[in-house]
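Written below as structure tokens is the structure these notes are about.
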Number of protein chains: 2
Amino acid sequence: MQWNLEIKINEKLYLRDPKSSELGRNILKEGILMIEEHGIESFTFKKLAQQLKTTESSIYRYFENKQLLLLYILSWYWQWLEYLIVYKTNNISDTGKKIDIVLDVLLLNTQDYIDGGPDVDKRVLHNLVIKEASKSYLSHDVSTFNENKFYKPYKDISIRIAGLFQEINPEYKYSRNLASTVLLMSRNLYFFMQNLPSLTDFPGTKEVANTKEFLKQLITKSLV
Amino acid sequence: MQWNLEIKINEKLYLRDPKSSELGRNILKEGILMIEEHGIESFTFKKLAQQLKTTESSIYRYFENKQLLLLYILSWYWQWLEYLIVYKTNNISDTGKKIDIVLDVLLLNTQDYIDGGPDVDKRVLHNLVIKEASKSYLSHDVSTFNENKFYKPYKDISIRIAGLFQEINPEYKYSRNLASTVLLMSRNLYFFMQNLPSLTDFPGTKEVANTKEFLKQLITKSLV
DNA sequence: TGTTATGCAATAGTAATACTATCATAATAA
DNA sequence: TTATTATGATAGTATTACTATTGCATAACA
């Protein structure tokens, strides 16, 4: 039996459901590859159309603009990640182990992920998120987007992680701050190691294990 | 006697020294105001030129493009901040107090800063940095910019803070990771409180004191 | 005093971006 | 079969991100 994870995306993010057609699915797939490779700034619907041998106007029928396409992709990713956390921590009582799982998921330090969603290598998607996720809210439109609940998946995963911290130490006053920190640094420390290694303690290594150990210490020492 | 802080900026960041003329200084001043207000994405040299009642081409004589203008501004800011840290921690031996000072500087939780540099309210500049600093390295040009040492001021302040941690606990293995974390979160938690408050523990308050307390705990508990 | 940099304004022009609109045709659902 | 919908093809617009040229005013210099 095959399981396929269905993730519901905020309908305001798209004009036409990209999952409903071949073209739509290709926009997601090729869009992810191109944004990951060249960054959202130099990505255009025209370039994507050329790649897909279709037209700009066809793409505009699915997404109002590239920012909303990006938010669609990010929404899928964060919901997928939250599902992985829920799934993998289910029935586990050892809180230390739970933290390990959360960190492994955030760092994509694992092979066995449930598939579904856009037909791309999840590691490519992960790299896209590392580079582009922060830009999605560090934008002038943050308040409009927030009113439209475009950041809900990100908030949800953050609040869920905070809940775990709260469970471990109900007295701790900064669960949400700490969750935001872990979420953001799990992306940024990887980026720094790759691009600005002197901002980290283990330049050179592509090992994610050090980052995990650092974040784990940060959490456990904070929660004592 | 008046002190005026002179900060040296990487010469590759500009074509003509903006400090050397009235127009140059106005580009910095009005540029900061406009980028802070509208964000780097919708900011253009044309709009700035209109504001300054000059022409686009005149501005292009000072800066190759808006990204380099932003990097110029950020370079100035980070060097200014590092100077503040050095100045204010000088002759202080109590390490707890030193951490307090560092956090107050990073959060601009202080009135008495040495002036100099662009003739703008330093709080406006600080707000600009909160919103725009991360974008400056989460860019496709990060490697080129890094080769040109455009991120040196950011690295310098980060490494200096890491050095302080190392001083407090020479055994601690993650000084640089922790410094990067504190530097990034001092910006992001403020942004979250303003824009995505459910990512923090103290929505509603504009108080920076909670963020400071959180970061202080993070540091002190990590360094025990 | 005339010469020469220089700094800046004015104007023009280009390729790319971020769309919007219209119409025809192909696929499909009623 | 007809009606609906999706896509393709083409065109067009305002804005962006520049580059290039010319000419004028002023300050420095000889």
Side-chain angles (χ1 to χ4, degrees), chain A residues 11-31 34-35 37-73 132 135-136 139-141 144-145 148 150, chain B residues 11-31 34-35 37-73 132 135-136 139-141 144-145 148 150:
Chain A
E11 290 180 8
K12 287 187 195 143
L13 282 172
Y14 53 86
L15 298 170
R16 180 172 302 175
D17 184 2
K19 292 195 302 302
S20 71
S21 75
E22 195 66 24
L23 179 59
R25 287 184 292 271
N26 283 332
I27 289 170
L28 289 181
K29 179 181 177 172
E30 211 49 60
M34 290 182 76
I35 294 172
E37 196 179 346
H38 301 109
I40 190 70
E41 295 89 350
S42 67
F43 168 81
T44 71
F45 279 178
K46 185 164 207 166
K47 290 175 190 166
L48 178 57
Q50 279 160 358
Q51 185 74 16
L52 292 176
K53 293 189 173 52
T54 179
T55 57
E56 242 181 313
S57 51
S58 296
I59 298 173
Y60 274 108
R61 286 199 190 90
Y62 285 85
F63 294 99
E64 255 182 88
N65 52 54
K66 65 180 179 180
Q67 281 76 22
L68 296 194
L69 168 58
L70 175 61
L71 282 165
Y72 183 105
I73 294 166
E132 311 297 335
K135 294 176 200 167
S136 76
S139 117
H140 195 248
D141 301 306
T144 323
F145 288 172
N148 283 304
F150 293 166
Chain B
E11 289 180 10
K12 287 186 195 143
L13 283 171
Y14 53 85
L15 299 169
R16 180 170 303 174
D17 184 359
K19 293 195 301 304
S20 71
S21 75
E22 195 66 24
L23 179 61
R25 286 184 292 271
N26 283 331
I27 289 171
L28 290 179
K29 178 180 176 173
E30 210 50 60
M34 290 181 77
I35 294 172
E37 196 179 346
H38 302 109
I40 191 71
E41 296 89 349
S42 67
F43 168 82
T44 70
F45 278 179
K46 187 166 206 167
K47 291 175 189 165
L48 178 58
Q50 279 159 359
Q51 184 74 18
L52 293 177
K53 294 189 171 55
T54 178
T55 59
E56 245 181 310
S57 49
S58 296
I59 298 172
Y60 275 109
R61 287 203 191 87
Y62 286 86
F63 293 100
E64 252 182 273
N65 53 53
K66 63 180 178 179
Q67 282 76 20
L68 296 194
L69 167 58
L70 175 60
L71 283 165
Y72 182 105
I73 294 166
E132 311 298 334
K135 295 176 201 167
S136 76
S139 119
H140 197 248
D141 301 306
T144 322
F145 287 171
N148 282 304
F150 293 166

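Reminder, nothing fancy here: chain letters follow the sequence lines and each chain counts from 1. These values consider heavy atoms only, across backbone and side chains, with no hydrogens, waters or symmetry-generated copies.
- Panel note: side chain A:Asn26, backbone A:Lys29; no donor-acceptor pair is recorded below 3.5 Å.
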For residues 41-48 of chain A, tabulate all N or O donor-acceptor pairs below 3.5 Å that involve a side-chain atom, not counting sequence neighbours.
unit_1, atom_1, unit_2, atom_2, d
A:Glu41, OE1, A:Lys135, NZ, 3.3
A:Glu41, OE2, A:Lys135, NZ, 3.0
A:Ser42, OG, A:His38, O, 3.0
A:Thr44, OG1, A:Lys46, N, 3.4
A:Thr44, OG1, A:Lys47, N, 3.0
A:Lys47, NZ, A:Ser42, O, 2.5

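- The distance from atom CG of B:Asn26 to atom C1' of C:dC8 is 13 Å, rounded to the nearest whole Å.
- Between A:Leu23 atom CG and C:dA26 atom P there is a gap of 17 Å when expressed in whole angstrom units.
- Taking CD1 from B:Ile27 and OG from B:Ser58, the interatomic distance works out to 7.5 Å, rounded to the nearest 0.5 Å.
- The CG atom of B:Leu28 lies 8.5 Å from the NZ atom of B:Lys19; values are rounded to the nearest 0.5 Å.
- In this structure, CD on B:Glu30 lies 10.0 Å from NZ on B:Lys53, to the nearest 0.5 angstrom.
- Between A:Glu132 and A:Gly39, the closest heavy-atom pair is OE2-CA, 3.3 Å.
- For DNA chain D, the outermost nucleotides in 5' to 3' order that have an atom under 4.0 Å from a heavy atom of chain A are D:dA6 to D:dT10.
- Within the 4.5 Å cutoff, the side chain of B:Tyr14 has heavy atoms near those of the B:Phe63 side chain.
- Across the protein-nucleic acid pair, A:Leu15 atom CG and C:dA18 atom C1' stand 15 Å apart, rounded to whole Å.
- Looking at every heavy atom in both residues, B:Arg61 comes nearest to B:Leu15 through O-CB, 3.2 Å.
- In this structure, the separation between CG on A:Leu69 and CD1 on A:Ile59 is 9.0 Å, given to the nearest 0.5 Å.
- Contacts of residues 46-57 of chain A with DNA chain C (heavy atom under 4.0 Å): A:Lys47, A:Glu56, A:Ser57.
- Using bins of under 30°, 30° to 60° and over 60° for the plane-to-plane angle, the ring pair A:Phe150/A:Phe145 lands in the tilted bin.
- In this structure, the separation between CG on B:Asp141 and OG on B:Ser139 is 4.0 Å, given to the nearest 0.5 Å.
- In this structure, CG of A:Leu69 is placed 12 Å from P of C:dC19, rounded to the nearest angstrom.
- By the salt bridge (charged side-chain N to carboxylate O under 4.0 Å, His left out) test, B:Arg25 is found to be paired with B:Glu22, residues two or more places apart in sequence or in another chain being considered.
- Within a heavy-atom distance below 4.0 Å of DNA chain C, the residues of residues 59-67 of chain A found are A:Tyr60, A:Glu64, A:Asn65, A:Lys66.
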Dump every N/O contact between nucleotides 28-30 of chain C and the protein below 3.5 Å, one line per pair.
none

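- A distance-only check finds a donor-acceptor pair linking the side chain of B:Lys66 to the backbone of B:Ile40 [under 3.5 Å].
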